[in-house]
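Computed from a predicted structure; not experimentally measured. Every heavy atom of this structure was used, including side-chain atoms; hydrogens, water molecules and symmetry mates were not.
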Amino acid sequence: MKYEGNIYRPPSEAHSLLIQVTVSCSHNRCTFCNAYKGVKFRIKSREEILEDIIEAGQYSLHHPIKKIFLCDGDALIIPQKRLVEILEQIREHIRGVERVGVFGNVKSILRKSVDELKALKELGLGIVYLGVETGNDDLLQATHKGTTYEKTVEAGRRIKAAGINLSAMILLGIGGVEKSVPYALDTARILTDIDPDYVGALTLMVYPGTPLYDEYKAGRFVLPDTFDFLGELGVIFSNSNFTNCFFTSNHASNYLPIRARMPQDKEMTLAMIQRVIREADKKKLRPEYLRAF
Ligand code: SF4
């Protein structure tokens, strides 16, 4: 398999085969994100992708591959015809595949109709990871996320309408100290409106080279402290409602890993988060040196 640049995948794709179908992210403008900074976006050529699929196919003859994740930042941006072809080639060459996953941003999802998404589902696309980050429109604008509350809800619902599992990722701390409360309340509201199958919470880390880092160094953006991040998680937990959702914070950026089946685990998990905040014992949290984005 050939990989170019930095490769990212969600924690739940740790055991998936990673096939890189694009390099970088077509948006690449979010002020907090250093994932693909300076890397020009491109969709890999037919030949490059097919070569990797055939190589994986050879391996799968002896070791069936259950899960595949298509990298990089937003594989869903690939035009429908080409994406159909890639999924068909995976089906043709690789044995045992039960699920293909991708990152998809709001723009890439809204470029596809429900019927087109259903066609991708038929070919094995089983989960889309959508970077919601927050439901607060001011913050979506300030971080150059390139979307709004309304469009994000529409994108999330479109994935669900196609029968594809939806994992919504949120970013604790993106409002800084100043917008911590609106961040948490609006994020709870948008999660309730989307009602995803999974929520993955990440905790903001400010990296040099990003516009947010410059704001931070200039003192215009103040990071919440460790327990304020957990306070945001608690507010989101208590104010959001789900039909059937698995809510996790097991990404390496988080201080407190949680795994909760919602709504049934809501009260118990909320009580645990509140207890950790009350006790304010950093020894019970992931140490700073083990955090990574
Ligand atoms: S957060 Fe996602 S959409 Fe924004 S630049 Fe990074 S990879 Fe692209």
Problem set entry | Sole residue of Ile127, Asn165, Asp197, Leu117 in side-chain contact (heavy atoms from CB on, under 4.5 Å) with Ile159 | Leu117
For this session: Sort and list the pairs that fulfil salt bridge (charged side-chain N to carboxylate O under 4.0 Å, His left out) and have at least one residue in residues 219-244, not counting sequence neighbours.
Result: Glu215-Arg220
Going hydrophobic residue to hydrophobic residue with side-chain gaps under 4.5 angstrom, can you get from [X] over to [Y]?
{"X": "Met1", "Y": "Ile94", "result": "yes"}
{"X": "Leu204", "Y": "Leu185", "result": "no"}
{"X": "Ile236", "Y": "Leu270", "result": "yes"}
{"X": "Met169", "Y": "Phe229", "result": "yes"}
{"X": "Val153", "Y": "Val114", "result": "no"}

If we ignore angles and hydrogens, is there a donor and acceptor under 3.5 Å between the side chains of [X] and [Y]?
{"X": "Asn34", "Y": "Tyr213", "result": "no"}
{"X": "Thr187", "Y": "Thr134", "result": "yes"}
{"X": "Thr22", "Y": "Asp72", "result": "no"}
{"X": "Ser12", "Y": "Tyr198", "result": "no"}

Looking only at non-hydrogen atoms, find the nearest pair between [X] and [Y] and report the distance.
{"X": "Leu17", "Y": "Ala56", "value": "CD2-CB, 3.5 Å"}
{"X": "Asn105", "Y": "Ser26", "value": "ND2-OG, 4.2 Å"}
{"X": "Leu233", "Y": "Ala201", "value": "CD1-CB, 4.3 Å"}

Exercise. Has the side chain of Asp195 got a donor or acceptor atom that lies under 3.5 Å from a matching backbone atom of Thr243?
Worked result: yes
Problem set entry | Asp74 side-chain N/O to Phe103 backbone N/O, donor-acceptor pair under 3.5 Å | no
Drop me the distance from [X]'s [atom1] to [Y]'s [atom2], to the nearest 0.5 angstrom.
{"X": "Ile43", "Y": "Glu48", "atom1": "CD1", "atom2": "CD", "result": "11.5 Å"}
{"X": "Arg275", "Y": "Asp281", "atom1": "CZ", "atom2": "CG", "result": "11.5 Å"}
{"X": "Leu202", "Y": "Thr248", "atom1": "CG", "atom2": "OG1", "result": "8.5 Å"}
{"X": "His27", "Y": "Ser108", "atom1": "NE2", "atom2": "OG", "result": "11.0 Å"}
{"X": "Asp138", "Y": "Asp186", "atom1": "CG", "atom2": "CG", "result": "8.5 Å"}

Problem set entry | ring pair (Phe, Tyr, Trp, His ring centres under 6.0 Å) between Phe227 and Tyr255, worked out | CA-CA 9 Å; Phe227 292 99; Tyr255 289 103; 8.1 Å; no
Problem set entry | Under-4.0 Å salt bridge between Glu85 and Lys81 | no
For this session: Flag the pair Asp214 and Lys217 as a salt bridge only when some basic side-chain nitrogen lies within less than 4.0 angstrom of an acidic carboxylate oxygen.
Result: no
For this session: Decide if atom CZ of Arg259 counts as having more than 12 heavy atoms of other residues, nucleotides or ligands within a radius under 6.0 Å.
Result: no
Problem set entry | Over 12 non-hydrogen atoms of neighbours within 6.0 angstrom of NZ in Lys2 | yes
For this session: Could you work out the complete set of other residues in the hydrophobic cluster of Leu140, with links drawn between I, L, V, M, F, W and Y side chains under 4.5 Å apart?
Result: none
Exercise. If you link I, L, V, M, F, W and Y whenever their side-chain heavy atoms are under 4.5 Å apart, who else ends up in the same group as Val177?
Worked result: Val222
Exercise. For Tyr36, which residues count as a ring-ring contact (aromatic ring centres under 6.0 Å, His included) partner, sequence neighbours excluded?
Worked result: Tyr8
For this session: Could you list the residues that satisfy salt bridge (Lys or Arg N to Asp or Glu O under 4.0 Å) with Glu98, not counting sequence neighbours?
Result: none
Seminar exercise, completed: Sorted by chain and residue number, the salt bridge (Lys or Arg N to Asp or Glu O under 4.0 Å) partners of Glu150 (sequence neighbours excluded) come out as none
